[in-house]
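Report on one structure; see the data block that follows.
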Amino acid sequence: MVPDPTRAAMIALRYDRDYGYADHHLMAMMAAKGRDFGPLPVDLAAKGFEIARAFPAEHAREILSRLDPNEGIVRLLDDSFDFLRWALHPACEGEIGSRLRALFRSEFSVTGIAFRRKIGGVSKASGKPGDAYEKSSAFWHCDGGPTTHVKVLIYLAEASAHDGGTAYIDRSTTELFKAAGYLFPASEDRTMDLHGDARKAGFDYRETLLKPECGEAIIFQPSTTLHRARLPERGERVTMTLLCLPSAKSWAERIREEHRAVLDNHSCGFPPLQGRLQLS
């Protein structure tokens with residue numbers, strides 16, 4: 001891989017300016033003008049990640065029971081609006097929602113939902129992840145997208161059952177990798193060990209491995225915080241990912257209006273937006 005320090009800036013410009021997501025965030029904050037969202041969540045804002053309770057373990061297990069049994073990208077067996085609203089409500093109206101509103105200084109919407117199941121030990125013999133999802137997720141990377149988007153990674157099984165997790169490098173150190181040209185590498189250029197890259201650039205790093213329990217979530221800023229999945233040694237690691245963006249509308253309004261589109265966006269992509277901030 002040839003390091004490219006400009007790549008991160010160009011990706012940010014694509015989504016924030018060209019696709020309209022910076023204007024979208026400003027309009028969301030303008031719609032919320034005068035509201036008190038409380039103090040910023042310090043770890044989420046500064047480090048780029050933190051753990052919070054999404055919902056009770058029994059709620060997580062009920063969602064898990066509504067998933068098909070396939071490995072990899074899985075789908076809901078019950079994809080009705082009523083079930084989806086029920087599934088999201090404790091997270092979006094609880095601790096998770098409060099922290100997102102405090103970070104964005106606005107309401108938020110859920111614009112994509114993804115379920116992943118990974119069977120423990122499948123790739124252990126080779127030492128290398130096998131399928132496309134693993135190649136993307138198990139090596140250090142940032143996610144392309146607007147700089148203000150947040151992902152909520154909810155674990156639907158106990159950590160002790162699979163020993164998997166997600167590792168992070170804090171935002172300030174991620175900025176050092178950004179300057180060194182490693183932030184959005186192509187899948188084939190990603191690595192599990194960044195110490196060589198760090199030494200060449202004259203710094204070192206520490207990773208933080210988080211292993212949420214059933215019903216807990218990692219809230220993180222994936223476009224500005226390096227991260228990678230730690231594949232399970234045994235059992236099953238099943239997660240539910242929510243793609244969250246600032247919004248003038250609430251999450252409930254968005255789900256009511258577009259619940260099918262939200263479920264269909266299981267790759268958590270970002271289409272260009274039509275709206276723009278009108279300045280007089």
Looking only at heavy atoms, what is the nearest atom pair of Ser65 and Glu62, with distance? OG-O, 2.6 Å
Under a 4.0 Å threshold between the charged nitrogen and the carboxylate oxygen, would Glu107 count as salt-bridged to Lys249? no
Pro56 backbone acceptor or donor facing His59 side chain under 3.5 Å: no
Exercise: do Tyr182 and Arg190 side chains pair donor with acceptor under 3.5 Å: no
Given 3.5 Å as the limit, does a donor-acceptor pair link the side chain of Glu93 with the main chain of Pro90, or not? no
With no hydrogens and no angle check, just 3.5 Å: does a side-chain donor-acceptor pair link Asp16 and Thr147? yes
Between NE2 of His227 and OG1 of Thr174, what distance do you get to the nearest 0.5 Å? 9.5 Å
Donor-acceptor pair between Ser80 and Asp82 side chains, under 3.5 angstrom: no
Salt bridge Glu236-Arg117, side-chain N to carboxylate O under 4.0 Å: yes
Over 60° means perpendicular and under 30° means parallel, so classify the ring planes of Trp140 and Tyr205, tilted if in between. perpendicular
Greater than 12 external heavy atoms within 6.0 Å of His266's NE2: no
Lys211 NZ to Ile51 CD1 distance, which is reported to the nearest 0.5 Å: 11.5 Å
Check: Phe104 ring centre within less than 6.0 Å of Phe108 ring centre: no
Looking only at non-hydrogen atoms, find the nearest pair between Ala167 and Glu207 and report the distance. CB-OE2, 3.5 Å
How are the rings of Tyr21 and Phe270 set to each other: parallel, tilted or perpendicular (split at 30° and 60°)? perpendicular
Exactly one of Arg228, Arg230, Arg237 clears side-chain hydrogen bond (donor to acceptor under 3.5 Å, both in side chains) with Thr166, and that residue is Arg237
Scan side-chain atoms only and decide if Tyr168 and Thr173 contain a donor-acceptor pair under the 3.5 Å cut-off. no
Minimum heavy-atom distance Pro41-Ala102, with the two atoms named: CD-CB, 3.8 Å
